[in-house]
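Following: one structure in structure tokens, then a few remarks.
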Amino acid sequence: MSKKTGKPLQNASSTQRCPLAKGLVSIAALVNSAEETPQPVSTHIKGTIPSWINGSFLRNGPGKFEFGKDKYSHWFDGMAMMHRFYVKDGDVTYNSSFLRSDSYTKNSEKDRIVVSEFGTIAMPDPCKNIFARFFSRFKLPQATDNASVNFVKYKGDYFVSTETNYMRRVDPDSLETKEKVDWTQYVAVNSATAHPHYGRDGATYNMGNSYGKSGFFYNIVRVPPQETEGDGAKEDVADLYGAKVICSIPASEPRRPSYFHSFVMSENYIVFIEQPIKLDMLKAMLYQVQGKSFNKIMTWDPKCDTIFHLVNRHTGECSAVRYRGEPMFTLHQINAYEEGGCLVMDMCCGDDGAVIGDFTLENLRRGGEELDKFYNSMCRNLPRRYVIPLTVDEDTPMDQNLVNLSLCTATAKKTGPGELLQYGGLEFPQINYAENNGRPYRYVYACGFGHVFSDSLLKMDVRTKELKAWRHHGLFPSEPVFVPAPNATEEDDGVVMSVIINPKEDKSTFLLVLDAKTFTELGRAEVPVNIPYGTHGVTYNTQRGITGN
């Protein structure tokens, strides 16, 4: 049984609806290799950093793009660089470190790229004879442990993560790299996302895939809360014991499973979104022989529907109903909650999933008209709301609107300058996660993409659609993270923090702190080193634990 749900309100694509860019600032400096800063350095404070902020703001992202004469092809391939802003009593220090992954270590020892990444395949050792080099192409490459996407937390420990079966445990204070953790040693999955969700009971939820003779499956994994050990010190080792697959969802096309970057979770449900970005498993071996990288097996197939798989979070039971929507792609979800017999899901959506492969370093380092042309061809992601009726069964009448929520009445209106489209869409969304994840909420903080990389910070009221923005020409913010104020009584009581980079000036990066309610600047901490553009991050040891997801 299937039901259609969700449909773009306008026929024009997001690329066509957003303004064309002309004369874009070069962002080549944002994707250049940087030097690590292992010892904390002081920053120069302008304005005021609230004294109640005490803790660390951790960031992750690519920071090294070559070894010897070998250069990476795609932005995602750069070696993971971890960043820490330590905030205490109105002062801020900064330190950073490359993740000492096996990939980083092996590449460094050989002074060339020896481990394949998302968009770069490692070439056979030139010192081997011609026969050894030939047959090495038939050996599947080992998954990388270059965990450059996010900081995540399991049972009280912090890890850096990417989208393979490997994570690395790290010390969030010193940024020291600890042991490599292999998901396959704990649970039957071959990968895991870098965007888990955290339950209020202390459990962590994630998704991974598995494949074998019985087919290809998308698996929902639950890692239990950290056990209370009384006054005894916790053993200094990674602990994923007790992790289990609570639901396995068979792929609609076993030979062409869908790529996924994250998933949806409310208080009682998990939704896996099977989108039309397909991985051609039959091409994988052929491309290895041909010397082509992993990203080449990913294709955008707009002939396929988007399928929403609804799973009871507590029982692991997957609904027999398959909810189908128009083709779209999504990387990041904003929030989801249940209301009036429906599950409301807000996410950042695009109309063309081919954009993932476009973030090559060659494209990002373009200049002048070539950069404008590249940006104007890109899909822009915009916030979109989907609603799943939770009471569908065999007796439900066909061709009847099953959504009766007044807040979801579809309307369309022409928007003038200053509205969301003028900021190039919305991505990297964050909310007051500790209080509102999986519950009704009002505010989302995100990046606007009036450039290839984000060039503004946005705050949207999802009820009134009021938009506030922080935008300065030539400055490029990272994903914003909300930190609640002590004794907060309203959802937006607190601050929003983001790392801002100016590619036109050397050593001009700063940590920006905005008042979350008014979205005005409170202060900034200027860092005396260069920092490359990053991906995701979290806060650590602030008043209410981890924020960001």
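Basis for what follows: all heavy atoms, side chains included, without hydrogens, waters or symmetry-related copies. All values reported here derive from a predicted model rather than from experimental measurement.
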Query raised in the report: Passes side chain to side chain donor-acceptor pair (under 3.5 Å), Asp182 versus Asn165? Steps please.
Result: CA-CA 6 Å; Asp182 184 351; Asn165 56 301; 2.9 Å; yes

Query - Partner set under salt bridge (Lys or Arg N to Asp or Glu O under 4.0 Å) for Asp352, not counting sequence neighbours - result: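 Asp352 satisfies salt bridge (Lys or Arg N to Asp or Glu O under 4.0 Å) with no residue once adjacent residues are dropped.
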
Cationic N near anionic O, under 4.0 Å, [X] to [Y]:
| X | Y | answer |
| --- | --- | --- |
| Asp301 | Arg256 | yes |
| Asp145 | Lys106 | no |
| Arg59 | Glu479 | yes |

Requested in this report: Please name all residues satisfying ring pair (Phe, Tyr, Trp, His ring centres under 6.0 Å) with Tyr104, sequence neighbours left out, ordered by chain then number.
Outcome: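 Ring pair (Phe, Tyr, Trp, His ring centres under 6.0 Å) check on Tyr104 returns Phe98.
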
**Report entry** Which residues share a ring pair (Phe, Tyr, Trp, His ring centres under 6.0 Å) with Tyr186, sequence neighbours left out
**Finding:**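 Once residues adjacent in sequence are excluded, the partners of Tyr186 under the ring pair (Phe, Tyr, Trp, His ring centres under 6.0 Å) criterion are Tyr241.
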
Return yes if some donor-acceptor pair links the side-chain N/O of [X] with the main-chain N/O of [Y] below 3.5 Å, else return no.
| X | Y | answer |
| --- | --- | --- |
| Arg168 | Lys178 | yes |
| His451 | Val25 | yes |
| Ser248 | Phe217 | no |
| Asn219 | Val189 | no |
| Thr177 | Arg100 | yes |

**Report entry** All pairs passing ring-ring contact (aromatic ring centres under 6.0 Å, His included) where residues 164-183 contributes a residue, at least two apart
**Finding:**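 Counting only pairs at least two positions apart or across chains, the ring-ring contact (aromatic ring centres under 6.0 Å, His included) contacts touching residues 164-183 are Tyr154-Trp183.
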
Requested in this report: Would you please indicate yes or no on a ring centroid separation below 6.0 angstrom for Phe482 and Tyr445?
Outcome: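 Between Phe482 and Tyr445, which both carry aromatic rings, the centre distance is below 6.0 Å.
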
Query raised in the report: Taking it one step at a time, do Phe510 and Leu475 satisfy side chain to side chain contact (heavy atoms under 4.5 Å, CB included)?
Result: CA-CA 10 Å; Phe510 60 91; Leu475 299 184; 4.2 Å; yes

**Report entry** Counterpart residues, side-chain contact (heavy atoms from CB on, under 4.5 Å), relative to Ser262 (two or more places apart)
**Finding:**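 Ser262 satisfies side-chain contact (heavy atoms from CB on, under 4.5 Å) with His195, Gln333 once adjacent residues are dropped.
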
Query raised in the report: By side-chain contact (heavy atoms from CB on, under 4.5 Å), which residues pair with Asn95, not counting sequence neighbours?
Result: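 For Asn95 the side-chain contact (heavy atoms from CB on, under 4.5 Å) partners, ignoring immediate neighbours, are Pro40, Arg84, Leu175.
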
Requested in this report: Answer yes or no: does atom CD of Glu179 have more than 12 heavy-atom neighbours from other residues, nucleotides or ligands under 6.0 Å?
Outcome: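 Result for CD/Glu179: enclosed.
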
Requested in this report: Let me know which of Thr360, Thr120, Val31 forms a side-chain contact (heavy atoms from CB on, under 4.5 Å) with Tyr72.
Outcome: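 In the set Thr360, Thr120, Val31, the residue that makes a side-chain contact (heavy atoms from CB on, under 4.5 Å) with Tyr72 is Thr120.
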
Requested in this report: Would you give the length of the straight line joining atom OH of Tyr386 to atom CE of Met328, rounded to the nearest 0.5 angstrom?
Outcome: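 Reported to 0.5 Å precision, the distance equals 4.0 Å.
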
Requested in this report: Begin from the C-alpha positions of Val444 and Asp346 and carry the test side chain to side chain contact (heavy atoms under 4.5 Å, CB included) through to its verdict.
Outcome: CA-CA 10 Å; Val444 57; Asp346 295 343; over 6 Å; no

